[in-house]
Amino acid sequence: MSIKRGQKVPGSKKPLGLRIYNHRWFYVMFAPVLVFIALFNYLPMYFIKYAFYDYKMAQEPVFVGLKHFEKLLKKQDFIRAFTNTFELSIIKLLLNTFMAVIISLLLNEIKNLKAKKAVQTLIYLPHFMSWVVTASVFRLILSPSNEGLVNSLLVNLGVINKDQMIYFLAEEKWWRPVYYIVNIWKDTGWGTIIYLATLSGISPELYEAAQIDGANRWNQMRFITLPSLANTIITVLILNLAKIMNLFESVFVMYNPAVYAVSDVIQTYVYRQTFGGGIPNYGYTTAVGLMSSVVGCVLVLMCNYASKKVRGRGIV
């Protein structure tokens, strides 16, 4: 087919400038998001260079190469914080995921719609409390005094004496269990949302066919529900692995010097190095932050690779 000069070619796109003009209001709405991402996500990446400098604000930056990385790998405080970050984050992630799946399965079994919505609302509410409020509430509940609900209950049950009250948030053997329980209470309800959405998408015909074949509720859950949730669980785990090195607020509002050995994490370590008194070395703290970011990236890539091997596809 011959095309004359000036004739529009079928299927050809409009000029870029014209397309931008036609959709200008979409770009106007997107502009604030683009500016926000550029300012707070990409612009700070320029200052990663200070990880290779001695930079103490009052002095000119001095290039020192890998000095800070060698220093942090030799410091016991950093090694302790790095190990605690891994342990706290991984165990918290696994516990929260496990509890979210269990609660989702239990909620899915509730047939009364009003009762189901009421239970959902109750378990979602803690998520909307700030960590400062949450920590304050649990400090009162766990207080080692007559006003502390847990200690008072243990005394009344005869488990402990009045002079043996437990400092849950100031004793190393108790701090981590309390931390995990508080995290489960606060975040598990919100985590059930995505699993309930997945459960609602499972075809009822699968359950009907299973019932016809004589499968009871346990076998239906084992062979239909859990396999349907598997992809969602793996995806959520991989996405959350990207954040395991960013543990800060939940630890910061609950820890104290008495439990640094089991509670100090990378972000709280950086905070103390920066605002703990004296002139902070921003080069060193930048190196610590860069190290944790690289480790988080490597973890995500490793889990994505494992996902490809197990599921045949990844998400990155």
Side-chain angles (χ1 to χ4, degrees), residues 75-103 106 122-192 237 240-241 243-273 275-276 288 292 295:
K75 293 194 69 171
Q76 289 301 315
D77 288 350
F78 172 79
I79 300 298
R80 180 186 66 186
F82 188 84
T83 304
N84 288 341
T85 302
F86 255 95
E87 292 179 0
L88 289 173
S89 296
I90 295 296
I91 295 175
K92 179 172 76 76
L93 175 59
L94 294 177
L95 287 175
N96 285 5
T97 302
F98 175 77
M99 292 303 299
V101 171
I102 295 298
I103 293 175
L106 294 175
L122 287 175
I123 64 174
Y124 291 165
L125 285 178
H127 173 77
F128 298 99
M129 293 175 63
S130 72
W131 270 110
V132 174
V133 174
T134 300
S136 300
V137 170
F138 275 90
R139 283 183 186 277
L140 291 174
I141 293 174
L142 301 172
S143 174
S145 64
N146 292 328
E147 287 74 27
L149 177 62
V150 175
N151 274 293
S152 296
L153 183 61
L154 292 175
V155 170
N156 292 331
L157 292 175
V159 178
I160 60 174
N161 298 323
K162 286 187 177 181
D163 57 346
Q164 296 176 328
M165 290 189 175
I166 302 171
Y167 289 72
F168 288 100
L169 294 177
E171 293 186 16
E172 293 182 2
K173 68 176 182 179
W174 290 109
W175 191 89
R176 285 193 178 184
V178 169
Y179 177 76
Y180 296 138
I181 291 171
V182 173
N183 272 272
I184 289 172
W185 176 83
K186 187 177 188 302
D187 292 332
T188 298
W190 184 256
T192 61
L237 285 173
N240 285 330
L241 275 173
K243 300 181 289 185
I244 68 170
M245 302 303 292
N246 295 330
L247 198 61
F248 176 70
E249 188 179 9
S250 59
V251 173
F252 183 72
V253 295
M254 293 181 63
Y255 86 148
N256 56 77
V259 292
Y260 277 171
V262 296
S263 64
D264 195 24
V265 294
I266 293 291
Q267 299 297 331
T268 57
Y269 173 74
V270 171
Y271 178 87
R272 290 202 320 278
Q273 290 292 317
F275 303 106
V288 174
S292 65
V295 171

Applying the side chain to side chain contact (heavy atoms under 4.5 Å, CB included) criterion to I266, which one of L247, V288, N246, V295 satisfies it? V288

Any side-chain heavy atom of V251 sitting closer than 4.5 Å to one from W175? yes

I'd like to know if the side chain of S152 and the backbone of L149 have a donor-acceptor N/O pair within less than 3.5 Å. no

Supply the atom-to-atom distance Y260 OH to R80 CZ, rounded to the nearest 0.5 angstrom. 8.5 Å

Applying salt bridge (charged side-chain N to carboxylate O under 4.0 Å, His left out), can you list everything that pairs with E249, at least two apart in sequence or on another chain? none

Just do the side chain to side chain contact (heavy atoms under 4.5 Å, CB included) check on F78 and Q273 with the steps written out, would you? CA-CA 11 Å; F78 172 79; Q273 290 292 317; over 6 Å; no

Interatomic distance, L125 atom CG to W190 atom CH2 [nearest 0.5 angstrom]: 11.0 Å

Salt bridge flag under 4.0 Å for residues R272 and D264: yes

Side chain to side chain, H127 and D187, heavy atoms closer than 4.5 Å: yes

Side chains of N84 and R176: does their closest heavy-atom pair fall under 4.5 Å? yes

Hey, does F168 have a side-chain heavy atom less than 4.5 Å from the side chain of N151? yes

N/O donor-acceptor pair under 3.5 Å between T192 side chain and G189 backbone: yes

pair L95-N183: side-chain heavy atoms closer than 4.5 Å: no

Residue Y124 excluded, over 12 heavy atoms near OH under 6.0 Å: yes

Please report the interatomic distance CG(L169) to CD1(I141), rounded to the nearest 0.5 Å. 10.5 Å

Any side-chain heavy atom of I123 sitting closer than 4.5 Å to one from T188? no

Can you tell me how far OG1 of T97 sits from CG of N240, rounded to the nearest 0.5 angstrom? 6.5 Å

Taking side chain as C-beta onward, heavy atoms only, is V259 less than 4.5 Å from W174? no

Do the rings of F252 and F248 sit parallel, tilted or perpendicular, given the 30° and 60° boundaries? parallel

Report the distance from atom OH of Y180 to atom CE of M99, rounding to the nearest 0.5 Å. 15.5 Å

Taking C-beta and beyond as the side chain, do V182 and W131 meet within less than 4.5 Å on heavy atoms? yes

